[in-house]
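Reading through the structure tokens given below for one structure.
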Amino acid sequence: MNISKQSSLCTIFLDSGNGFNKDEYLLLSISKYGNQFRVSINITPNIKGIRFDPYEGYGCIITDFQVLIDGNSACYSYTNSNEINSVLFFDNLDPQIAIDFNSKVISTVILSGEIYRINPANLSILLKYRRKIEKTTWIRKLLKIFKLHIICLQVLIFFKNFGKHFDKTGCVIYIDTGNNFNEKETTSVLLNKIGSRFCAIIQPTSNAKRIRFDPYEGYGCIITNLQIFIDGNPAHYSYTNSNEIDNVLFFDDLDPQVAIDFNQRVISTIVISGNIFQLYPHVISTLSRFKRIYEKYIAKKRYIRKIFKILNLYIACYRIIVFLFKKGRARDSKRIYSFKDVCSDKSVLYHKKLKLSYTQPQFDNDVSKSIIYEDKLYAQYAVKLESAMFFGCSSLIIWKNKVVYDLPFYDMDRRYNYTDPQIIKVKGSKITFWKNQKARIDRAIWMGGCASYNYYHLMYEYVIKFLKLQTLNISTEIPVFVDQICLDVPQYRELLELVNKKKYPLLPAHPDYCYITKELYYINCPNYIPVNFIDDNDIKAEDFQFDVSLLMELRNYLLSYSSKNVFPEKIFISRKNANKIRNYNEDEVKEIFLNDGFEIVYPETLSIKDQIAMFHQVKYIAGGSGAAFTNILFCNDHCKCLVFAKSTVPLSIFSTIAHIAGVDLKYITEEATRGKNKIDSIHESFEIDVNYLKKYLSSWCN
């Protein structure tokens with residue numbers, strides 16, 4: 001049997017007398033054949049010991065571990081692990097093995113054994129597996145004799161993930177009762193997915209004339225074998241924002257829509273089924289490529305088209321093309337630098353050091369006063385760079401053949417999950433990234449970056465930078481580049497035009513391109529907002545910090561653009577049209593608020609000027625945690641806000657904004673109402689105890 005040779009990097013920390021520290025380390029290749037690994041280290045005479053960190057940011061299991069020092073077996077110690085029968089169980093995100101040289105001069109150390117890396121989401125499986133074999137002697141002996149630990153663990157992880165294949169994702173159904181499709185006449189139904197197969201069942205009201213099926217609002221998708229039955233009979237449909245080829249719908253747009261007309265009939269049940277594959281905004285361009293490939297190489301060849309149709313290979317083929325596209329893309333690995341390390345005085349247009357602030361979130365029964373804390377010393381700057389590169393949808397800058405990226409330099413404990421689509425991995429002081437298609441431009445002001453498609457990040461990381469741009473002496477003939485999606489979404493474009501006071505030309509940056517500029521102007525984010533974490537149970541309130549004075553400036557600036565239209569004083573923010581993360585029992589919760597005089601609102605359907613006006617007028621706000629609460633910046637100081645979330649994780653992204661605006665914001669969580677605490681992700685689905693909520697609401701609204 002052929003087992004391919006693989007290579008990945010590990011970190012070797014060196015103790016030259018100062019203990020293990022972040023300044024003395026090596027990045028070495030782990031040579032692997034299957035699960036077998038070997039690492040060879042050449043040691044200089046001044047080294048007193050080494051520490052082997054095989055997979056930082058991951059867990060792992062190591063069996064048959066051996067240490068050879070100049071050809072002789074040696075002892076080792078470990079941290080964040082348990083050892084049972086020579087098997088090391090690192091059910092922690094920082095595996096460490098230390099080897100002391102006992103004051104001897106060493107020339108070579110060789111580490112070997114079998115190793116299996118475990119993603120953070122599967123660490124609980126490793127923990128349960130270790131506890132099981134600790135208790136059962138005969139199983140432990142059997143696994144040791146046949147060396148089955150890694151295989152057994154792989155099987156357990158497979159079955160854990162296999163059990164999650166049934167997906168109860170929701171979709172939005174628009175109902176036309178004579179007023180066309182509108183935001184007030186909508187309902188949510190389950191897609192009921194198993195793998196890519198889905199089946200949605202809709203029971204329209206008797207006055208419905210037609211419906212519109214929006215499977216993934218804000219995302220692209222591909223749908224194959226779409227079938228629609230009205231009361232058991234096949235029905236026709238029309239579609240928007242798509243092309244159809246051989247009963248395959250290519251929705252390379254962020255608003256997929258399928259409409260079904262009832263032709264003046266009264267309908268009782270509609271069943272919509274097929275295969276569906278969801279696409280995130282930053283990879284939607286790959287679907288356009290697949291569509292062109294299909295039209296050119298597959299649709300024109302009759303026998304290939306028949307094979308595709310019989311075996312339903314469309315989604316599988318698309319996934320393969322995406323995989324090959326990524327595999328075929330050039331990649332590069334460079335050392336990471338912060339701007340303070342590479343920028344000279346000539347390139348700096350503005351520089352200021354200040355302390356940022358944060359506020360601890362308050363949960364339902366917290367009666368203490370909201371307090372703002374000053375904490376992180378942070379550098380704000382604007383620079384002019386000659387011959388620099390930037391990437392669509394990414395926060396990386398390439399300048400003088402160096403990757404300039406500040407975030408890792410504030411992440412000293414390596415707790416962040418670097419989900420920037422340009423980044424392949426961050427390891428120690430090195431970053432590996434994709435090299436996109438190149439476009440050359442003379443001059444640019446770059447105001448986009450990672451997660452700009454999210455309203456919260458757009459507002460507090462990118463829109464806010466326009467306030468600083470107004471104060472800099474940069475020619476208004478130079479275009480401002482923002483991510484393409486920010487110009488495609490009408491409300492995002494409106495917001496950018498409001499803050500673009502000097503009327504710089506706004507141009508889109510495509511997610512598949514890197515832009516090589518002769519002259520690049522860059523303003524860093526004035527706030528500190530990491531996007532994701534390796535372990536959501538390890539989030540701290542101080543992980544998100546803000547420039548309070550600049551937030552107040554943004555608030556006052558945008559309030560002047562309020563539409564002044566009249567809105568209700570009690571609003572319940574629905575997530576029905578939002579993406580399907582953080583799903584909760586909204587329908588049950590919503591009924592409680594409707595009975596208390598609240599009105600259901602969908603902020604994403606309003607203009608930015610109307611959103612500002614609505615949030616400035618409101619007295620009571622409630623709803624599931626989501627980007628719509630970005631707008632609490634515009635609330636008045638007698639507003640009360642109730643947010644529903646999964647867990648009492650001290651996520652301070654809204655609490656700090658609420659404190660600045662004077663809003664009394666509280667969280668109600670599943671953990672508080674149902675006694676659950678450990679989570680895999682803050683984006684998990686959850687359920688709020690409605691009886692608890694009714695009791696709480698009676699005092700909250702007074």
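This one's a predicted model, so the numbers in the text were calculated from it and none came from an experiment.
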How are the rings of Tyr405 and Tyr418 set to each other: parallel, tilted or perpendicular (split at 30° and 60°)? perpendicular

Within the distance-only criterion (no hydrogens, no angle test), does the side chain of Tyr453 pair as donor or acceptor with the backbone N or O of Asp483 below 3.5 angstrom? no

With sequence neighbours excluded, what pairs up with Tyr378 under the ring-ring contact (aromatic ring centres under 6.0 Å, His included) test? Tyr410

Regarding Asp406 and Tyr381, do their side chains bring together a donor and an acceptor under 3.5 Å, going by distance alone? yes

Name all pairs fulfilling the side chain to side chain donor-acceptor pair (under 3.5 Å) condition that reach into residues 609-627, sequence neighbours left out, sorted by first residue then second. Ser563-Asp610, Asn565-Asp610, Gln611-Asn631

How would you list, by chain and number, every residue that makes a ring-ring contact (aromatic ring centres under 6.0 Å, His included) with Tyr561, sequence neighbours excluded? Tyr557

So do the side chains of Leu356 and Leu354 get within less than 4.5 Å of each other, counting heavy atoms only? yes

Rounded to the nearest 0.5 Å, what separation is found between the CG atom of Asn537 and the CD1 atom of Ile534? 13.0 Å

Over 60° means perpendicular and under 30° means parallel, so classify the ring planes of Trp700 and Phe593, tilted if in between. perpendicular

List for me each residue that meets side-chain contact (heavy atoms from CB on, under 4.5 Å) alongside His659, sequence neighbours excluded, and say none if there are none. Thr359, Ser370, Ile372

Non-neighbouring partners of Lys540 that pass side-chain contact (heavy atoms from CB on, under 4.5 Å), sequence neighbours left out: Arg415, Asp538, Glu542, Asp543

Salt bridge (charged side-chain N to carboxylate O under 4.0 Å, His left out): pairs with one or both residues in residues 620-635, sequence neighbours excluded: none

Less than 6.0 angstrom separating the ring centers of Tyr358 and Tyr528, yes or no? no

Keeping to residues at least two apart or across chains, list the salt bridge (charged side-chain N to carboxylate O under 4.0 Å, His left out) pairs with something in residues 447-466. none

Check: Tyr584 and Lys646 side chains under 4.5 Å, non-hydrogen atoms: no

For Pro505, which residues count as a side-chain contact (heavy atoms from CB on, under 4.5 Å) partner, sequence neighbours excluded? Pro479

Using the salt bridge (Lys or Arg N to Asp or Glu O under 4.0 Å) criterion, which residues pair with Lys666? Sequence neighbours excluded. Asp664

Exam field: side chain Asp176 to backbone Lys209, donor-acceptor pair closer than 3.5 Å: no

My understanding is that only residues two or more places apart in sequence, or in another chain, count here; which of them pass salt bridge (Lys or Arg N to Asp or Glu O under 4.0 Å) with Glu497? Arg493

Return the SG to CZ distance between Cys635 and Phe629, rounded to the nearest 0.5 Å. 9.5 Å

Ile222 CD1 to Leu249 CG distance, which is reported to the nearest 0.5 Å: 9.0 Å

Quick check on the 6.0 Å ring-centre criterion: do Phe544 and Phe533 meet it? yes

Partners meeting side-chain contact (heavy atoms from CB on, under 4.5 Å) with Asp596 (sequence neighbours left out): Lys570, Phe598, Leu697, Cys701

With no hydrogens and no angle check, just 3.5 Å: does a side-chain donor-acceptor pair link Thr419 and Asn417? no

Given 3.5 Å as the limit, does a donor-acceptor pair link the side chain of Gln362 with the main chain of Ser368, or not? yes

With sequence neighbours left out, what residues match Tyr504 under side-chain hydrogen bond (donor to acceptor under 3.5 Å, both in side chains)? none

